[in-house]
J.: 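Please read through the structure below; I'll follow up with questions.
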Amino acid sequence: MSEATYDAAVEAAVAGELRLLDPEVRRSPELVGALLHPDFHEFGASGRHWDRAAIIDMLATETETETETETETGAAPVSAARASRMRGVQLSPDVVHLTFDTERNGRRVHRSSLWRRSPEAAGESWLLYFHQGTPFTV
């Protein structure tokens with residue numbers, strides 16, 4: 001695998017991840033769906049397990065200031081997420097692993113994502129296959 005291929009794969013996964021943090025993308029079932037693998041699942045920072053359909057539905061009803069916790073518990077609104085320390089490594093020609101942190105209104109979460117190359121995907125060649133969020137304190 002050449003360095004250029006490696007860089008392009010990691011860059012594509014990072015671009016997809018950043019799109020998923022964009023409030024306009026998050027509110028669009030079509031845009032989110034175009035970024036998620038058909039077998040997508042997530043272990044959220046709340047501990048909840050999400051499948052593809054459930055996360056698309058939840059994000060479509062999320063306001064710009066809501067979080068997963070607010071949606072589930074009715075907690076007070078918080079600011080939009082900010083990502084930091086994003087790093088990626090290509091594990092194989094068809095898999096990229098990203099790690100990064102997010103912060104929303106003081107709530108910090110370590111995040112880990114697996115992106116898979118999907119040649120049959122319409123419009124997107126890298127799709128989010130798995131995601132996990134783990135809360136942490138400083």
Side-chain angles (χ1 to χ4, degrees):
M1 182 169 19
S2 75
E3 188 171 323
T5 301
Y6 171 86
D7 289 343
V10 171
E11 287 173 14
V14 168
E17 197 72 61
L18 293 175
R19 283 183 48 79
L20 285 169
L21 291 173
D22 180 328
E24 288 188 32
V25 172
R26 294 169 72 82
R27 287 189 295 265
S28 169
E30 294 78 22
L31 294 176
V32 171
L35 292 166
L36 298 182
H37 190 277
D39 296 326
F40 169 83
H41 67 108
E42 171 177 342
F43 294 113
S46 67
R48 179 173 175 182
H49 180 252
W50 301 86
D51 65 14
R52 186 177 190 277
I55 202 75
I56 289 172
D57 288 346
M58 186 277 290
L59 292 175
T61 61
E62 180 183 61
T63 66
E64 190 166 329
T65 60
E66 285 180 331
T67 66
E68 175 180 290
T69 301
E70 178 185 352
T71 302
E72 293 175 6
T73 66
V78 293
S79 62
R82 289 181 296 144
S84 63
R85 299 182 344 135
M86 192 170 289
R87 293 185 171 84
V89 62
Q90 189 167 6
L91 301 176
S92 74
D94 296 329
V95 178
V96 170
H97 180 221
L98 297 181
T99 58
F100 59 103
D101 294 334
T102 58
E103 187 272 328
R104 280 189 195 194
N105 201 33
R107 183 173 189 237
R108 293 176 172 89
V109 179
H110 293 304
R111 299 198 176 269
S112 177
S113 295
L114 289 176
W115 288 79
R116 290 178 61 181
R117 185 188 320 264
S118 183
E120 58 278 343
E124 298 288 340
S125 62
W126 288 91
L127 300 176
L128 182 57
Y129 178 74
F130 174 78
H131 183 79
Q132 180 168 349
T134 305
F136 73 97
T137 58
V138 179

J.: Would you please test Ser113 and His97 for side-chain hydrogen bond (donor to acceptor under 3.5 Å, both in side chains) and show each step?
T.: CA-CA 6 Å; Ser113 295; His97 180 221; over 6 Å; no
J.: Quick check for you: to the nearest 0.5 Å, what is the distance between Thr137 atom OG1 and Arg108 atom CZ?
T.: 9.0 Å
J.: If you measure from the Lys or Arg side-chain nitrogens to the Asp or Glu carboxylate oxygens, is any gap between Asp94 and Arg116 under 4.0 Å?
T.: no
J.: With the side chain counted from C-beta on, respond yes when Arg117 and Gln90 share a heavy-atom pair under 4.5 Å apart, and no when they do not.
T.: yes
J.: Taking the side chain as every heavy atom from C-beta outward, state whether Leu36 and Leu127 have any atom pair closer than 4.5 Å.
T.: no
J.: Please determine whether side chain to side chain contact (heavy atoms under 4.5 Å, CB included) holds for the pair His131 and Phe43, giving the CA-CA distance in whole Å, both sets of side-chain angles, and the decisive distance to 0.1 Å.
T.: CA-CA 6 Å; His131 183 79; Phe43 294 113; over 6 Å; no
J.: Side chain to side chain contact (heavy atoms under 4.5 Å, CB included) between Leu59 and Arg27: does it pass, once the steps are laid out?
T.: CA-CA 6 Å; Leu59 292 175; Arg27 287 189 295 265; over 6 Å; no
J.: Please walk me through it: do Leu35 and Val25 pass side chain to side chain contact (heavy atoms under 4.5 Å, CB included)?
T.: CA-CA 10 Å; Leu35 292 166; Val25 172; 4.1 Å; yes
J.: Can you give me the closest heavy-atom contact between Leu128 and Phe40, atom names plus distance?
T.: O-CD1, 3.4 Å
J.: Shortest non-hydrogen contact from Gly44 to Trp50?
T.: N-CD1, 4.0 Å
J.: In Å and rounded to the nearest 0.5 Å, what is the CG to CZ distance from Asp101 to Arg82?
T.: 11.5 Å
J.: Using only atom types and a distance under 3.5 Å, with no angle test, would you say the side chain of Glu103 pairs donor to acceptor with the backbone of Asn105?
T.: yes
J.: Could you point out which residue of Thr134, Thr99, Thr102 forms a side-chain contact (heavy atoms from CB on, under 4.5 Å) with Arg111?
T.: Thr102
J.: Mind listing the closest non-hydrogen atom pair of Trp126 and Ala9 along with its distance?
T.: CZ2-CB, 3.5 Å
J.: Looking only at heavy atoms, what is the nearest atom pair of Phe100 and Ala83, with distance?
T.: CD1-CB, 4.3 Å
J.: Is there a side-chain contact between Asp22 and Leu31, using heavy atoms and a 4.5 Å cut-off?
T.: no
J.: Do Trp115 and Val95 come within less than 4.5 Å of each other through their side chains, counting heavy atoms only?
T.: no
J.: Say whether, by atom type as modelled, one donor and one acceptor occur between the side chain of Thr61 and the main chain of Met58 under 3.5 angstrom.
T.: yes
J.: Look at the aromatic rings of His37 and Tyr129 and report parallel, tilted or perpendicular, splitting at 30° and 60°.
T.: perpendicular
J.: Arg104 side chain to Val109 main-chain N or O, any donor-acceptor pair under 3.5 Å?
T.: no
J.: About how many Å separate OG of Ser28 and CD1 of Ile56, when rounded to the nearest 0.5 Å?
T.: 9.5 Å
J.: Is the shortest side-chain heavy-atom distance between Phe130 and Glu42 below 4.5 Å?
T.: no
J.: Any heavy-atom pair between the side chains of Leu98 and Leu114 that's under 4.5 Å?
T.: no
J.: Please examine the side chains of Arg52 and His41, heavy atoms only from C-beta on, and report whether any two atoms are closer than 4.5 Å.
T.: no
J.: Would you indicate whether the side-chain heavy atoms of Arg107 and Pro135 approach each other to under 4.5 Å?
T.: yes
J.: Taking only residues two or more places apart in sequence, or in another chain, which ones meet Phe136 in a ring pair (Phe, Tyr, Trp, His ring centres under 6.0 Å)?
T.: His110
